[in-house]
J.: 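Questions regarding the structure given below will be posed in turn.
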Amino acid sequence: MKKVIIVRVCEIFLKGKNRFYFVNLLEDNIKKALSGIKFEIVKLQMRYLIEDFDENDYELIVSKLLKVSGIHTLSEALCVESDVDKIAEAAIYLCEDKTGTFKVETNRADKTFPMHSVELSAEIGGRVLEALPKRFTVDVKKPSFVVHVDLRENGETLVYSGVIKGVGGMPVGSSGKGFLMLSGGIDSPVAGYMMCKRGMKLASVHFHSYPYTGEAAKEKVITLGKKLAEYSSGMTLYVVKFTHVQEEIHQKCSEEFMITMMRRFMMRITERLAELHGGQAIITGESLGQVASQTTESITSSNSVVKMPVFRPLIAFDKLETIEIANKIDTYETSILPYEDCCTVFLPKFPVIKPRMDKVLKEESKLNVEELVESALKDVEVIEL
Ligand code: ATP
Ligand code: MG
């Protein structure tokens, strides 16, 4: 009996003629996620099989596959010759650590197999009951678990029970590349994950205010970046030294516009980096009304300095909904570590909550915008994660 992993895809099979593009992309992403591990991948209709791996690597492989977007579900399966005794042996093995009610469901793709599916299900169910007496009862309507018997056309049968839910969505790379504005907070990593789920490859931009924000703040962002990189099939992090821009704003503009101005510069610099490095969109972790810089008026102000689409997947999320996903993708514990963000440096006592565009433009006219953007772009640290 050999162990295999069934990998199922969902949406990409709705893609008609482009299907092969998506299927091949997903296969490449799977291979990249599992690089360094011994395995074979077999492409079947609507699914893949991962096989020939060392059984000790099973948990590791599953944990990596659960970060590959485009994968709908996984199942650990036993692969045996299509022979009643062998199938029964596999089914009994699967049931050994279980109790309760069950049923057997057969999918008979191999039309030459001598028994019909209902017949085979009954036979295998009977053999399980016989081998593990008093442990189970059959319940075909509401069983506590189902043993699936999948008779393949190649003379092999997959026997499995239970599915593990994957990321879902589309394979990374199928929706272009987005530049995520990555702070050390809770929201932006979740925003990045959500765009990966829809097939976006990520690059991240972090604004750092050395010496006001220390090395620990940067390290924290690198830790978050590494976690996201697993969903993004690798990721480049651009660390922008933002101190000079902030000092200029602080010196020349009215204090209450500090955050409004910073946001506009962050957006401009992110767009320029995206243009230079093949990005097509900007991603932020903004959520409507969460803080002063995330009112409709503030978003209008920061949005108006860029031409690229700005994706804000959390715009309608409550904090608790975001935290739930942050926990799922294991970024929450890192995000809540104490740190200073560049936005907390020079924080005004009373920031404008609903900035008026005429006032914003008046304040900004006190600065040499292009020169500040250029100076920030001259000294960007590039980290491959
Ligand atoms: P987060 O939890 O993502 O930090 P937040 O709720 O703290 O979000 P803000 O600090 O107002 O909200 O930031 C809004 C968005 O601006 C962030 O989600 C992120 O996309 C971007 N951002 C904020 N600070 C930085 C930074 N230092 N570097 C890069 N992007 C940033
Ligand atoms: Mg923040």
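Please read these numbers as outputs of a predicted model, since none were measured by experiment. As the structure lists them, so they are numbered: ligands from 1, and atoms in each ligand from 1.
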J.: Is there a nitrogen or oxygen of M181 sitting under 3.5 Å from a nitrogen or oxygen of ligand 1?
T.: yes

J.: Closer than 4.0 angstrom, basic N to acidic O: yes or no for K307 and E271?
T.: no

J.: Does any N/O atom on F207 come nearer than 3.5 Å to any N/O atom on ligand 1?
T.: yes

J.: Which atoms from ligand 1 have a heavy atom of V205 less than 4.0 Å away?
T.: 29 (C)

J.: Among G285, S302, A191, which residue places a heavy atom closest to atom 17 (C) of ligand 1?
T.: G285

J.: Which atoms of ligand 1 are found less than 4.0 Å from any heavy atom of T284?
T.: 20 (O)

J.: Output the list of atoms in ligand 1 that are nearer than 4.0 Å to some heavy atom of Q290, sorted by atom number.
T.: 5 (P), 6 (O)

J.: Return yes when H208 approaches ligand 1 closer than 4.0 angstrom through a heavy atom, no otherwise.
T.: no

J.: At a 4.0 Å threshold, what atoms of ligand 1 neighbour a non-hydrogen atom of I186?
T.: 2 (O)

J.: Any salt bridge linking R272 with E370? Criterion: basic side-chain nitrogen under 4.0 Å from a carboxylate oxygen.
T.: yes

J.: Any idea which atoms of ligand 1 are less than 4.0 Å away from a heavy-atom of G185?
T.: 1 (P), 2 (O), 4 (O)

J.: Has K241 got more than 12 heavy atoms of other residues, nucleotides or ligands less than 6.0 Å from its NZ?
T.: yes

J.: Please compare R263, Q294, K319, E286 and report which has the shortest non-hydrogen distance to atom 10 (O) of ligand 1.
T.: R263

J.: Taking distance alone, with N or O pairs closer than 3.5 Å, would you say G184 contacts ligand 1?
T.: no

J.: Taking K67 first and then D330, would you say they form a salt bridge - that is, a charged N and a carboxylate O separated by under 4.0 Å?
T.: no

J.: Can you confirm if the aromatic rings of F242 and F265 lie within a centre distance of less than 6.0 Å?
T.: no

J.: Is any NZ, NE, NH1 or NH2 atom of the basic residue among R127 and E123 found under 4.0 Å from an Asp or Glu carboxylate oxygen of the other?
T.: yes

J.: Counting heavy atoms only, which of D187, T270, V221 comes nearest to atom 8 (O) of ligand 1?
T.: D187

J.: A cation-pi test, strictly: NZ or CZ of K98 under 6.0 Å from the centre of the six-membered ring of F145 and no more than 45 degrees from its axis. Yes or no?
T.: yes

J.: Assess whether a salt bridge exists between E230 and K227, defined as any Lys/Arg side-chain N lying under 4.0 Å from an Asp/Glu carboxylate O.
T.: no

